[in-house]
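In what follows, a single structure is set out as structure tokens and then discussed.
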Amino acid sequence: MNRTTLDLWVGFFVAIGIGALLFLALKVSSFPGIQMEKAYRLEARFDNIGGLKAQSPVRSAGVLVGRVTDIHFDPATYEAVVEMRIDSRYAFPADTFASIYTAGLLGDQYIGLEPGGDERNLADGARIMKTQSAVVLEKLVSQFLFNKAAEGQSTQP
Amino acid sequence: MIRLLQGCANFLRFLGSETVNRVWRLGYASRFFLAVLLRSGAAFFRFRLVMREIWFSGVLSLIIIMISGLFVGLVLGLQGYEILQRYGSSQALGTMVALSLLRELGPVVAALLFASRAGSAITAEIGLMKTTEQLTAMDMMAVDPVARVVAPRFWGGVISMPFLAALFSSMGIFGGWLIGVVFIGVDDGAFWSSMQASVDFRHDVWNGVCKSLVFGVAVSLIAVFEGFDSEPTAEGVSRAITRTVVTSALAILALDFVLTSFMFRGMS
């Protein structure tokens, strides 16, 4: 095999190999290094986080604005402390409301931010005071059954 | 009674010698691995030798890797669509195809193909060199055969493997897209966006690359070792080639289990 032909083939091989890796990084996965270069941290406390995980999305008006970075349990208040990173392009008022929603009926859980009307914005490391816990499906079902049973008893003479 | 005892002793002797032989061979293989690593400086110094081996085991495996990847992707697309549409979630086809290729099928099947396409060829080449006493001749001329013959082949395989696995996965995803979007008519945007939402670069793509690198080291090492250790006869070389393919396949599958249990444990 000729030297230059060999070089050409190896170069071609490495080039399409790197091309395939780039395709996998950029088109197939959403490469984390590109988005969220600048971000600030927020903290929120919930009574119950349901199935929320680290890396779960944080959305406002349905748009992805950040991600959950860490979840831990506070033994003093018995609450879950959720830390998230929010893209620094988006600022939220100090009285923003954070709730845990489920995407679809059985989908993943995410944090939804609903901005309030305060003039001051949340700073880096601030805590979101108003939160609403995840809806636990079992609780809802048992409550419904309990109410139904109570109804049945009250209508009886 | 005495015959029974003799039979037992014979069996124990057989077991003992087998065990000692296996352990001895394993030790020999690890010392060989160290020797290859220690003498690969020359291979990188004369990088043209490695280039030739990348051409030999990488470029020549391109066709089989790409076509197999395409067909695996096509089958995944068909089967995945058939199952997912029962649950009314055919948009998740992209996710399914991409995750199964990136995490498991891409590295594993590419490594299996690589072992049978390039690994066997490397073993045959080195084994034949040994049979025709070329390795001994090199030694006589003060050319170290490990540095001149073995190390470039080893590094050529190690360098080629991640590229081949990435190409396999890419072709597979393209095949899944071809079946899902072009032929069946899953929505193009939903296919890619659901894939991007669930495929994580660090966890899925990068772990796949690491896996293929480990497989590359394992397959290349087995191939060069079996070639170097082969009995210098026609039959010995053919047995060494068989051992390369069988041992590589077992090593790939076992390593895959170990790597998967470390990489993807505790992830949802």
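So you know, we letter chains A, B, ... as the sequences are listed, proteins then strands, and number each from 1. Just so you know, these numbers use all the heavy atoms, side chains as well, and skip hydrogens, waters and symmetry mates.
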### Task
With a 4.5 Å cut-off on heavy-atom pairs, point out which of B:Ile159, B:Val209, B:Ile173 contacts chain A the most.
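Answer, by heavy-atom pair count under 4.5 Å with chain A: B:Ile173.
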### Query
Who among B:Met171, B:Arg48, B:Met51 has the most heavy-atom pairs with chain A under 4.5 Å?
B:Arg48
Grab the two heavy atoms, one from [X] and one from [Y], that are nearest each other, plus how far apart they are.
{"X": "B:Ser160", "Y": "A:Phe13", "result": "O-CZ, 3.8 Å"}
{"X": "B:Gln196", "Y": "A:Lys27", "result": "NE2-O, 2.7 Å"}
{"X": "B:Phe201", "Y": "A:Ala25", "result": "CE1-CB, 3.3 Å"}

### Task
Mind checking the CG-OG spacing from A:Leu24 to B:Ser170? Nearest 0.5 Å is all I need.
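Rounded to the nearest 0.5 Å, the CG-OG separation comes out at 4.0 Å.
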#### Entry: Value rounded to 0.5 Å, distance of CH2 in B:Trp206 from CG in A:Leu21
8.5 Å
### Message
Counting C-beta onward and ignoring hydrogens, is there a side-chain heavy-atom pair between B:Val59 and A:Phe12 closer than 4.5 Å?
### Response
no
### Task
Walk me through it: do B:Phe163 and A:Ile16 pass the test side chain to side chain contact (heavy atoms under 4.5 Å, CB included)?
CA-CA 8 Å; B:Phe163 292 134; A:Ile16 63 169; over 6 Å; no
Crowding at [atom1], [X] (>12 non-hydrogen neighbours, <6.0 Å):
{"X": "B:Arg117", "atom1": "CZ", "answer": "yes"}
{"X": "B:Phe44", "atom1": "CZ", "answer": "yes"}
{"X": "A:Leu145", "atom1": "CG", "answer": "yes"}
{"X": "A:Phe73", "atom1": "CZ", "answer": "yes"}

### Summary
Sorted by chain and residue number, the side chain to side chain donor-acceptor pair (under 3.5 Å) partners of B:Gln134 (sequence neighbours excluded) come out as B:Thr132
### A:Asp74: partners by side chain to side chain donor-acceptor pair (under 3.5 Å), with sequence neighbours left out
A:Arg45, A:Thr77
Name the region of [X], side chain, backbone, both or neither, that has any atom closer than 4.5 Å to a heavy atom of chain A.
{"X": "B:Ser198", "value": "neither"}
{"X": "B:Leu102", "value": "side chain"}
{"X": "B:Val205", "value": "side chain"}
{"X": "B:Leu62", "value": "side chain"}

